[in-house]
Amino acid sequence: MLLTRKAGSQAAPQRRLSRGLAGSMAKTIDRRAFLKRSGLTLGAGAVAAQLPFNMIERAEAANEKPAGKVEIKRTVCTHCSVGCAIDAVVQNGVWVRQEPVFDSPLNLGAHCAKGASIREHGITHDSHRLKEPMKLEGGKWKTISWDQAYSEISDKLLKIKKESGPDALFVVGSSKHNNEQSYLLCKWVRLWGTNNTDHQARICHSTTVAGIANTWGYGAMTNSYNDEQNSKCLLFFGSNAAEAHPVSMLHTLHAKENGCKVIVADPRFTRTAAKADKYVRARSGTDVAFLFGLLYHIFNNGWEDKEYIKARVYGMDKVREEVMAKYTPDKVQDVTGVPEQEMLEVAKTLAENRPGFIIWAMGQTQHTNGNAVVRASAVLMLALGNVGRPGGGTNIYRGHDNVQGATDIGPNPDSLPGYYGVAPGSFAHWARVWNVDLKWLQSQFAPGQMTKPGITVSRWIDAVLEKNENIDQDPNIRAVVYWGHAPNSQSRGLEMLEAMKKLDLMVVIDPYPSASAAMFAMARKDGAYLLPAATQLETSGSVTASNRSLQWREQVIEPVFNSRTDQMIMYQLAQKLGFADQLVGKKDGKQNIKLVKGKGGMEEPDIEDTLREINRGTWTIGYTGQSPERLQAHMRNMHVFDVKTLRAKGGKDAKTGYDLTGDYFGLPWPCYGTAAIKHPGSPNLYDTTKHVMDGGGNFRANFGVDKDGVNLLAEDGSHSKGAEITTGYPEFDHVLVKKLGWWDDLTEDEKKEAEGKNWKTDLSGGIQRVVMKHGCHPFGNAKARAVVWNFPDGVPLHREPLYSPRPDLIDKWPTHDDVKNLWRLPTLFKTVQQKNRDAGKQFPLILTSGRLVEYEGGGEETRSNPWLAELQQDNFVEINPKAAADRGIRDGEYVWVSTPTGAKLKVKAQVTERVGADTCFIPFHFSGWWQGQDMLPFYPDGAAPIVRGEAVNTATTYGYDRVTLMQETKTTLCQVAKA
Amino acid sequence: MRRLVVCAAGLALAVGLVACGESEQVVVYKQGKYSGKPDGKPWDNEPLAGAKWTKGDKVSWEAEIKQRNQSQNEYKRIDQ
Amino acid sequence: MPKLIRLTRWALAALVFAFPAAAPAQGKPADNTQAERQQTQPYNNAPVWREVRKEGQEYVTTVKGRETGVLVQSAGETWRQIRNGPVTVWGGFAILIVVAVLAGIYFSFGPLKTHDKPTGRLMPRFTQFERWAHWTSAISFCVLAVSGLVMLFGKHVLLPVTGYTLFGWLASLLKNLHNFVGPVFLLSVIVMVPNLVRDNLPKSYDFNWFAKAWAMFARNEHVPSGRFNGGEKAWFWGCVVGLTLLSAVTGLILLFPNFDQTRATMQLTWIFHAISALLFMLVALGHIYVGTIGVEDAYQAMRSGYVDETWAKEHHEYWYNEMKSGARSAAGGAVPAGAPRAERK
Amino acid sequence: MARMKFLCDAERCIECNGCVTACKSEHEVPWGVNRRRVVTINDGVPGEKSISVACMHCSDAPCMAVCPVDCFYRTDDGVVLHDKDLCIGCGYCFYACPFGAPQFPQAGAFGLRGKMDKCTFCNGGPEKDRSAEEFQKYGRNRLAEGKLPACAEMCSTKALLGGDGDVIADIYRERVFKRGKGSEVWGWGTAYGPGKPAAAPSPAPKS
């Protein structure tokens, strides 16, 4: 009998519970309460009024007073990369309701649990947000003023800088910042003088970005969620879209309904698998073997697209050799556990149903050979001829709402905005865009460190703990700023705690900083500051969805409590640290970004101006055409965009008169040239069936014109529609433009700017404009590389995870050798693998992690939302009935999950056939328990999330991708025992 | 004994009489016998901005609802 | 006939509920029909939906609580049929009929009277403790009965008369009264019963009493009996002990849903509770009749605790003899000097 | 005349719980009360199907039939609503409801459950439409705004359909036709009785 749900004992703080369950029998009943409840003394009407029906106690309970000013603000959900539009109903400055936006071509009004409950972030009553700046003093969190926080933080930072140089600071940015904030933070860190900055993309899709960009040009989703409706076959491999990107399933299931085949291959029978035509269970960490096992059948049966390969792919023959030799069905079955027949069936389905997508998320990327896995996926699609056409390609589902944008133009250790690598030329380019003196900028950096990629977020703990002589910078990290990052999303939690103990300063800037706060307070007594940041719903700005479409968020409400917007905090900190003018590009009487009045009348950088500055400099990936005006017009006129193609058939913005005809929704990057030339954006990358001014393209010429005498440029005829050059061609610079006789198409002003520049550095946009006028692609026209030469494995290679249950396969497929210096740090491979060769005896189960639909990322903000928290109140481990029975474990019991790190997690057992008998799964959104202990005492008052639980990453093991230092979280070993 | 009967009868009468004080508030709903507090009809409200029905006109309200219903049909939006 | 079928279905269902299997573990794998069907007819879910309707099937949901994993509980409909059907209809008629029968007896034969004149000497029949217990249980029983009847029949009988507002008030009051008086009734019965057990043990002469019971009412014949006669003993064992136990246990189950009983348990319990309570009320009508207007001076016995010797002799001859012979001590000890005389009409 | 109905398409429902939180957010339903829930059958094994379930606003509503105080009523659009002023919190509607829709805000010792709460099809209750009182007792009244239930409108895959029975049956029929195979609608018969199956599972010819 339900009647009232019992909130789990750990579920909610008493305060919250008593709100929900007011009057439950849990409390003692005094006489008055008794009479009141039983209604013995009151009339019926009065009884009705008195009997607890606690629907509403909130201050903002909507009275529909005619006087209340009602506004509709259009914003975008902040929980994942699908980009679901939301109409927020705001009354007298209070967010009272949300309405679906049926017009949105991305989500058509649809929301998952997180999107449908996003209003909670704006609710002030009973909020679990951080409300005031705080300081850890004597082990207690103490409220301080913003001014005190700023001066103490900046004093400490400047002291550290003076003693150890700028590289002693590490700044973790956020994929939740909008584009403008990400961009400003990227700039902020460089103005401070270091490359030591990173954000969640490192631990989510860094391997994708590196691997895919090196294959054909850009490291992003090639098409869009919508484009799946044009597809014949979808292979989900390493993605659980139904839980991680629920609204994308609208397009997937619509496609399926119309005949598209859906295949899911995964160690778990996920909710996505439940919707598939076919499900294949493969062992975690054997991705390359699986993909090449498919490729074996494709080659073996001659199903590859030979013409396509000949015209547009480099090195497929070499891949073929290796695949046919190393990935024969018997070997593949031995490694992956998938029988030959099933592999053949999948390969056949893929071959018979083209075009098709391979879809992945962290299932492929978070491996020690993640770079190879994603390239193997790309190679598979290339072999089928699926890439560069509508309905086919690699649909790479990004995680956070703006992880794509933050990767493109945000705080990355190895690149400036727009993937301009940290090279002298890039700094020169950006100094010009930023209106900053290059010499001054150079002087901010420690000698020689400016062009060295910085520390990654996955390894900052090693940069603190590692012996100084082993790291490739002068100081160890002494100060860390967490600017919108959850500590529990990083592996090796035990060591992070050690690193926190050694830090001089930790600053956490976040609307929900509590996981970091609690961990730090558990580790030590002082040395940390918490600054309450506003959410994305409390500021405006653009956000890039996974499909590269940019959407503009209107500010829904003012920053609540004493929180401030991120751009305001950046500017105010920069004022204290002495580079505020540079941050807004103020020099020589010019100022790029004007200051506007923000909360409380304080100044902050203007978001629209910031986007305009981005537009002025980000030529590489075409962030230049998306002016605030165009984006805002798109948001106002969503209904004119077609759902299948994302293209506007017509329409004029009523407010500005802007003609939307031909634009793709959100101007998916690359949107080359200035806004004035009206490039429509590129819905599908490398699509030769369209004119480049219609969003068409081809593979990028980024690696020269030939390799060892083999032509790297595209073969004749494989150019984008209408290109005047029908052969392959290199990327454009002023020399090539002149050679082609197109120079005079430039205006005089353009010529002045373009002289000596290439398509990436010409700030006038003239080169891009003219090249596209001739139907050509600014970045050239080359082949995709099935084989690369700048990665450890030219042809992707299966390598056993560092912690593998199969010592025999470790011998056959060993991991990389140790690397002395990778992103400034020594990185271990073979040593760890060999040391743990037989770990499988003690830890026989594979431990993998993943998402729940109710929570997101580290989960702090979603676990603070009662509407979501109620649905998932305990962390759990999924364990197969057989494995559970062997250990005497029953469903719902607490168990200890231990890993080779020595960490032990106390979680509930969920006995299910969802996982195989050799695998366990723990969702990664929980934090707030530490090896069985509730960390509640360490949280700042009122900022503990409703639901706390054991963080899986407390127990995850060492392991990093050989190229990008992506952490290994998807395959390690564990043992489970009854608690 | 008789007193008891008289008392009971009196009480019943009183209770019965109270019912006469009940004001008429009958809204007849099909199938249900409920005739408690009357509920307004959805179409008897002021339409919100942008809505295309008129207050009190059931037919126009139903048309609006049917129209709105199509937003749950993505085929409609896609083939648009 | 369809009602009978439904009842049979109910009985079967009841059997199933009677042994509630432990809630199935997470995602209890269903039989393979669905998986097989999907092979040939990918979108045909008929096997799943068939299985869903099986009683006791619980599935996975993130919403916490008892039985949130149940998709369809068909037993609710059966319960509705039984409650709104036989229980309400037959129960209602039964009460009317019993009232009519009692009225018939009263008006045809009048109350049972003593043949001889009262002696004026009083015998102690009930101790103060017994009387307190009796009246506590009697009053709480009446409250329970009235409130119970309102909940079962009020909608049909009272509501049309009172109107919604008053009825809502009344029902709310009575429901809460019912819930809190229930335990009081149970307690008072528990206190009362041990004292009376010995005198209610069946004796051979009780059969005689039963054989002549009709004559007693119709022809005002007196049948010798112990402290309690056969009818009283039947009332004691069948109702005071038996039905109280049944309705109290079922009542308590219904009263504390916070122990997470399943709906099936509640439905079954409710049916036992309703039937037992109705039976209790039917017999109680008889008990009240003979205790008040049906038998002269019976009411005084429980009110004051004393009876006239004539009354005792005629109605409970064996007891009278025992008392007189001193074979047993008086129930409430010797008659105190100032004991009130029985009030006469 | 419009007859409001719910229909959940099991082929589409991915158990994202969007409907659950949409309802909570729209009506500010307190912790512990869930007007809607998603149930998954065959969880974790092939054949897994999820269904979103709430009050189905039955044609022959059992709750209405067993209510001792007759607090339920049905609107002209077929929405089953109740009057919380009359409700005595006896729980009978919960025993009778096939779908487990009625909810109670309290733990219920001594039968104290508080007033029953359930899905209103976003149509409030017998207070003045769109008034603060109505919102506090029953939640928003979207029908009175010309809108449909928040859960169905926000469903992530448009699996949950809510609205005019004829319209949603047509929408569903179109899908079934596209899929090319027959299908069954969960709960439809139970809630709305036999008669014309709304989404005729007429198998389309094999292509």
Side-chain angles (χ1 to χ4, degrees), chain A residues 1-5 7 12 16-17 19-21 23-26 37-38 44-45 48 51-56 58 61-64 97-98 100 108-113 115-117 119-120 242-243 246-247 249-250 253 257-258 269 271 274-275 279 853-854 866-868 870-871 912-914, chain D residues 11-12 14-22 24-34 43-50 84-86 89 91 94 100 103-110 112-115 117 130-132 135-140 147 150 153-158 175 178-179:
Chain A
M1 182 81 192
L2 76 116
L3 306 180
T4 294
R5 323 253 171 272
R16 171 70 54 149
L17 271 178
R19 186 189 84 183
L21 313 178
S24 80
M25 296 303 290
R37 280 192 211 142
S38 57
L51 276 185
F53 177 63
N54 304 306
M55 286 279 285
I56 304 304
R58 296 178 171 172
N63 295 308
E64 267 203 36
R97 290 175 82 174
Q98 76 179 77
L108 283 68
H111 287 300
C112 69
S117 62
R119 192 169 64 87
E120 169 69 15
E243 292 203 71
V247 176
M249 290 297 281
L250 174 59
L253 293 174
E257 211 155 271
N258 287 279
F269 181 85
R271 295 207 190 292
K275 290 283 168 289
Y279 166 69
V853 69
E854 289 85 4
W867 299 326
L868 294 169
E870 193 186 341
L871 296 170
T912 170
E913 304 205 22
R914 202 174 278 291
Chain D
E11 296 302 331
R12 288 269 186 107
I14 56 171
E15 208 208 340
C16 78
N17 277 326
C19 46
V20 176
T21 62
K24 288 221 154 203
S25 169
E26 180 70 351
H27 305 299
E28 303 211 349
V29 183
W31 183 286
V33 176
N34 286 284
D43 187 63
V45 294
E48 177 177 315
K49 298 275 174 245
S50 294
K84 286 196 178 176
D85 293 353
L86 295 179
F94 180 69
Q103 304 277 300
F104 295 88
Q106 287 182 44
F110 286 94
L112 289 174
R113 299 180 171 92
K115 305 280 182 184
D117 185 52
R130 284 148 60 171
S131 65
F135 179 54
Q136 279 165 17
K137 283 186 193 168
Y138 307 98
R140 304 267 180 199
K147 297 173 191 161
E153 293 207 327
M154 289 190 190
C155 175
S156 63
T157 55
K158 312 232 178 249
R175 288 184 194 173
K178 285 279 183 195
R179 290 172 194 158

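Chain naming here is simple, since letters A, B, ... match the order of the sequence lines and numbering starts at 1 in each.
For chain A, the option among D:C19, D:S25, D:G18 with the highest count of heavy-atom pairs below 4.5 Å is D:S25. Ranked by heavy-atom pairs under 4.5 Å with chain D, the first of A:G115, A:A110, A:G109, A:S117 is A:A110.
With a threshold of 4.5 angstrom between heavy atoms, A:E854 approaches chain D through side-chain atoms but not through N, CA, C or O.
For D:K158, the side-chain contact (heavy atoms from CB on, under 4.5 Å) partners are A:F102, A:L108, A:L250, B:E74, D:R12, D:R175, not counting sequence neighbours. Residues forming a side chain to side chain donor-acceptor pair (under 3.5 Å) with A:Q98 (at least two apart in sequence, or on another chain): none.
Of all heavy-atom pairs between A:K275 and D:E48, the closest is NZ-O, 4.3 Å. Minimum interatomic distance between D:G44 and A:T912 (heavy atoms only, all atoms of both residues): CA-OG1, 4.3 Å. Here the closest heavy-atom approach between residue D:P30 and residue A:E870 is recorded as O-OE1, 4.4 Å. In terms of heavy-atom proximity, A:V247 sits nearest to D:S156 at CG2-CB, 3.9 Å. Of all the heavy atoms in D:V45 and A:F269, the pair that sits closest is O-CE2, 3.3 Å. Contact record, D:C16 with A:P246: CB-CB, 4.0 Å, taken as the closest heavy-atom pair.
Between the CZ atom in A:R271 and the CG atom in D:D43 there is a gap of 5.0 Å [rounded to 0.5 Å].
For the pair D:I14/A:L253, a side-chain contact is recorded, criterion being any heavy-atom separation below 4.5 Å from C-beta on.
The pair A:E120-D:K24 fails the salt-bridge criterion, with no side-chain N (NZ, NE, NH1 or NH2) lying under 4.0 Å from an Asp/Glu carboxylate O.
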